[in-house]
Number of protein chains: 2
Amino acid sequence: MATIYEVSALAGVSLSSVSRVLNDHEHVSEKTKKKVMAAMAELEYRPNSVARSLASSRSDSIGVLVSELHGPFFGDMLSSIELALRNAGKHAVITAGHSDEESEKEGLDFLIDRNCDALILLVDAMSDDDLITLSRKKIPFVILNRNIPEIRGNCFYLDNELGGYLAAKHLIECGHKDIAYISGPLSKQDSTERFTGHKKALIEAKIPFNKALFYEGDYLTQSGRDGINDFIKNKVLFTAVACANDEMASGAMRGARDNNIDIPSDCSIIGFDNAYFTEYLFPQLSTINNPIKAMAKMSTQWILKNVYKQKDLDIKNLFSPELIKRESVVKVLAGIKK
Amino acid sequence: MATIYEVSALAGVSLSSVSRVLNDHEHVSEKTKKKVMAAMAELEYRPNSVARSLASSRSDSIGVLVSELHGPFFGDMLSSIELALRNAGKHAVITAGHSDEESEKEGLDFLIDRNCDALILLVDAMSDDDLITLSRKKIPFVILNRNIPEIRGNCFYLDNELGGYLAAKHLIECGHKDIAYISGPLSKQDSTERFTGHKKALIEAKIPFNKALFYEGDYLTQSGRDGINDFIKNKVLFTAVACANDEMASGAMRGARDNNIDIPSDCSIIGFDNAYFTEYLFPQLSTINNPIKAMAKMSTQWILKNVYKQKDLDIKNLFSPELIKRESVVKVLAGIKK
DNA sequence: TTATAAAATGAAAGCGCTTCCAGTATTTTG
DNA sequence: CAAAATACTGGAAGCGCTTTCATTTTATAA
C-alpha cells in the first residue's frame with residue numbers, strides 16, 4: 001500500500017500539500033493539485049483511515065447500539081442509517097446490548113473506546129438517568145424511539161399516544177364498542193403511551209373502559225394468543241381487539257382461530273408498527289404505521305448537522321403514526337355480534 | 001482521557017512495560033503488573049483503539065458486507081455474528097451493497113480502507129470471479145450462503161439441493177403426486193440447486209416432471225401469488241406446491257385464497273428457509289430450516305481461528321437443511337382432490 | 001515601483017500506541 | 001562460584017497521517 005509519503009515524492013511536493021488536497025483544503029494551487037491527483041492515481045493510493053483518525057481525532061464512524069439485532073425493525077432501521085451515513089462518507093459500527101443492562105453499558109463503552117464521532121442509541125435496558133449522565137460527556141448522541149424530556153432535542157420518537165388513539169378510533173368508527181386491548185409491558189414508556197391513547201379514544205366516544213378487556217402482554221407473539229384466551233376464559237364479549245404491536249396481533253389472530261373466531265367477520269383486529277410481515281398475514285393486518293425508517297434517517301441527519309456541521313438540514317424530533325387500513329378490521333354488522 | 005504515558009508516569013515504569021501489561025505479554029513481573037494496573041484504575045485509563053490499530057496494524061474489527069440489510073435473515077445473521085465477535089473482543093463494521101454490483105464493490109473498498117482484519121461477505125451481485133480475485137489479495141474473508149469451488153474453504157453454505165429434495169420428498173410422502181414448484185430466479189445458484197433437489201425427489205418417486213407446474217419467481221412475495229395464478233390460468237391440476245423460499249410461499253398462500261383453495265385441505269404448501277414469520281402465518285408454514293445463524297457463527301469462528309489464531313475451533317463449511325413440519329402440509333385424502 | 005496583503009508551500013512536531021533492540025537483573029547449571 | 005541462560009525493563013523508532021508555524025511566492029494596492 002502506497003503511503004502519502006510516496007505520493008508526495010512522486011508528485012514532487014511536500015507531505016503537507018498532499019494532505020491538503022486529500023482534505024480539500026483551500027489554498028492549494030490547481031497545479032499542485034493536478035500533480036498530486038496524478039500521483040495518487042498512478043500509485044492507486046488509498047489513505048489509511050486509521051492514521052487519519054489518530055492524527056485528526058475524527059473517525060468518521062458512528063456507533064450504533066441497539067438492544068436487539070433481530071426482529072422486524074432492526075433491518076429497516078439499520079438499512080436506513082447505513083445508507084444515509086455512507087452517502088455522507090461515514091460508516092456504522094454496530095453493537096447489540098442483547099436487552100441486558102450490563103451488556104448495553106458494555107456496548108456503549110465499546111463504542112466510545114472505538115473513537116466513534118457520535119452514537120445512535122436504540123436501547124431498552126438503560127435508564128433515563130444513565131442517558132442523561134451520558135449527555136454530560138463530550139460524545140454526541142441521539143436516542144431513537146424514546147423520549148426523555150431533559151434531552152428531548154436528542155430524541156427521535158413516535159407519538160405513541162396518537163397511535164393508540166388512531167387505532168382505537170378506527171375500531172370505534174367501524175361501529176365497535178366492545179374493544180379488547182392487548183398491551184405491551186407497562187414498564188415500557190411506549191406501552192403506556194399507546195394505552196393512554198387507546199383510553200382517550202374510548203373516553204371521547206363515551207365508551208366505558210372495561211378492565212376485563214385489558215391484557216398486559218410482553219410484545220411477543222405468544223402473549224397475543226394468551227390475551228385472547230384470557231378474554232375467552234373470562235367469558236367477556238368483544239368484537240374487536242387492539243394490540244400494542246404487530247407480533248401480539250399475529251398471536252391474537254391465532255388465538256382467535258383457536259377459539260373458532262373468524263377474523264375479521266367475528267372479530268376485528270388491529271396491530272401497531274406496520275412490521276413488514278403484516279402483509280403476509282391472512283387476513284392482512286390493519287395497523288398503525290411506525291415510521292422507523294424516517295426516524296432513523298432523521299437521527300443521522302442530526303449527526304450530520306451537529307457533528308459534521310453540514311448545512312441546510314431540518315430536524316424534527318416527533319414523528320406521527322398513521323392508520324393503515326387492510327383486511328383485519330371491518331365494520332360491525334347491523335345485528336349484535338356473536 | 002488519560003494516555004499510556006500518564007499511566008507509565010504514575011506507575012513509575014516505562015511506556016513499554018505499560019504496553020506489555022496492556023497486551024498480556026509474557027515477561028512482566030507481578031510487581032510491575034500490579035503497579036500498572038493500579039495506575040490504570042486510578043486514571044480510569046482506556047486504551048485508544050485507533051492508536052493501537054495504527055501501531056500494530058490490527059484493527060480488531062471485522063467488516064460485514066451484505067447485499068441487503070433488511071429482510072428476515074439479516075437480523076438473525078448479524079445478531080449471531082456480533083455476539084460471537086464481541087465475545088472475542090472484536091467488532092463488526094457493517095455495510096450494505098443494496099443489491100447493486102457497483103455499490104457492493106464500493107462497500108468492499110470501504111471496508112478494506114477501514115483496515116478491517118477480515119471480511120464476512122453475504123453478497124449477490126458480485127461475480128464468482130470478483131471474489132476469486134479478492135482471494136488473491138491479502139485480506140482474509142469468508143463468504144456466506146454461496147459456494148465457490150475454487151475457494152470452497154472460505155465458503156459457508158447450505159446444501160440447497162438436499163433442502164429441495166427434502167421438501168419435495170415430504171410432499172410425496174404425504175401422498176402428493178401433482179406437485180407444483182415455484183422457483184427463485186434461476187440465475188441464482190441457490191435457486192437452481194433447490195430446484196435440482198426437487199426434481200431429484202420426483203425422479204426417485206417416478207413422478208414425471210410437468211413443465212406446466214413450474215413457475216420461475218423472484219423470491220419476493222408477489223411472485224408466489226403470481227405463480228399460483230399462473231397454474232390456475234393454465235388449468236393444471238395440483239394438490240401441493242413447493243416454494244423456493246418462505247416469502248413466495250406466503251404469496252402462494254394468498255394466491256390460493258384468491259382462488260378459493262383452502263390451505264392445507266385443498267392444497268399443501270411448503271416453503272424454504274424457516275424465516276421467523278412463518279410461525280405467524282395461518283396455517284403455520286411447513287418449511288425447510290436454513291441454519292443461517294449457525295453458518296454466521298461458523299464464519300466468525302473461521303476468522304477467529306485463521307486470523308486471530310485461536311485454537312481448538314472446528315470448522316465446517318457445508319450445512320444441512322432440515323424439514324420443519326407445521327400446518328401447511330397434510331396427507332392427501334383417500335379420494336382424488338379437487 | 002515598492003509596500004502590503006494574501007495565497008501557496010514545506011518543515012517538523014505530534015496523535016497514542018507497539019515493538020525491536022539492547023541492557024540489566026535474576027536464575028539455572030555444571 | 002563462574003558461566004550461561006533466562007526473565008525483565010527501558011529507550012527509541014516508527015505506524016501514516018494532520019496541523020501549526022514559518023517561509024516563500026504571487027497578487028493587489030498605493
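Only this structure's heavy atoms are used, side chains among them; waters, hydrogens and symmetry mates stay out.
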Looking at [X], I'd like to know whether one of its side-chain N or O atoms comes within less than 4.0 Å of OP1 or OP2 on [N].
X       : N      : answer
B/Thr32 : D/dT9  : yes
B/Tyr45 : C/dC17 : yes
B/Asn23 : C/dT18 : yes
A/Ser56 : D/dT18 : no
A/Ser17 : C/dG10 : yes
B/Thr3  : C/dG16 : no

Carboxylate-amine/guanidinium contact B/Lys305 B/Asp312, below 4.0 Å: no
A/Arg46 and B/Asp113 ion-paired at < 4.0 Å: yes
Rounded to the Å, how far apart are [X] [atom1] and [N] [atom2]?
X        : N      : atom1 : atom2 : result
B/Glu26  : D/dA7  : CD    : C1'   : 10 Å
A/Tyr5   : D/dG14 : OH    : P     : 12 Å
A/Glu6   : D/dG16 : CD    : C1'   : 11 Å
A/Glu30  : C/dA7  : CD    : P     : 15 Å
B/His27  : D/dA5  : NE2   : P     : 16 Å
A/Arg58  : C/dC15 : CZ    : C1'   : 13 Å
B/Asp24  : C/dT19 : CG    : C1'   : 16 Å
B/Asn115 : C/dT18 : CG    : P     : 16 Å

[X] side chain, from C-beta outward: closest of [options]:
X       : options                : value
A/Leu22 : D/dC8, C/dT9, D/dT18   : D/dT18
B/Leu15 : C/dC17, C/dA8, D/dC17  : C/dC17
B/Ser16 : C/dT18, D/dA12, D/dC17 : D/dA12
B/Pro47 : D/dG16, D/dG10, C/dC17 : C/dC17
B/Asn48 : C/dC17, C/dT9, D/dC8   : C/dC17

- prompt: Between B/Phe74 and A/Phe74, what is the ring plane arrangement, given parallel below 30°, perpendicular above 60°, and tilted in between?
  reply: parallel
message: I'd like to know if the side chain of A/Asn160 and the backbone of A/Asp190 have a donor-acceptor N/O pair within less than 3.5 Å.
response: no
Would you indicate what [X] reaches in the nucleic acid, counting non-hydrogen atoms under 4.0 angstrom: base, sugar-phosphate, or nothing?
X       : answer
B/Ser57 : nothing
B/Val13 : sugar-phosphate
B/Val28 : sugar-phosphate
A/Ser53 : nothing
A/Ser19 : base

task: State whether a side-chain donor-acceptor pair under 3.5 Å links B/Ser16 with B/Ser19.
output: no
message: Taking donor-acceptor contacts at under 3.5 Å, does the side chain of A/Arg20 reach the base of C/dG10?
response: yes
query: For atom CG of A/Asp314, is the number of surrounding heavy atoms from other residues, nucleotides or ligands below 6.0 Å larger than 12?
result: no
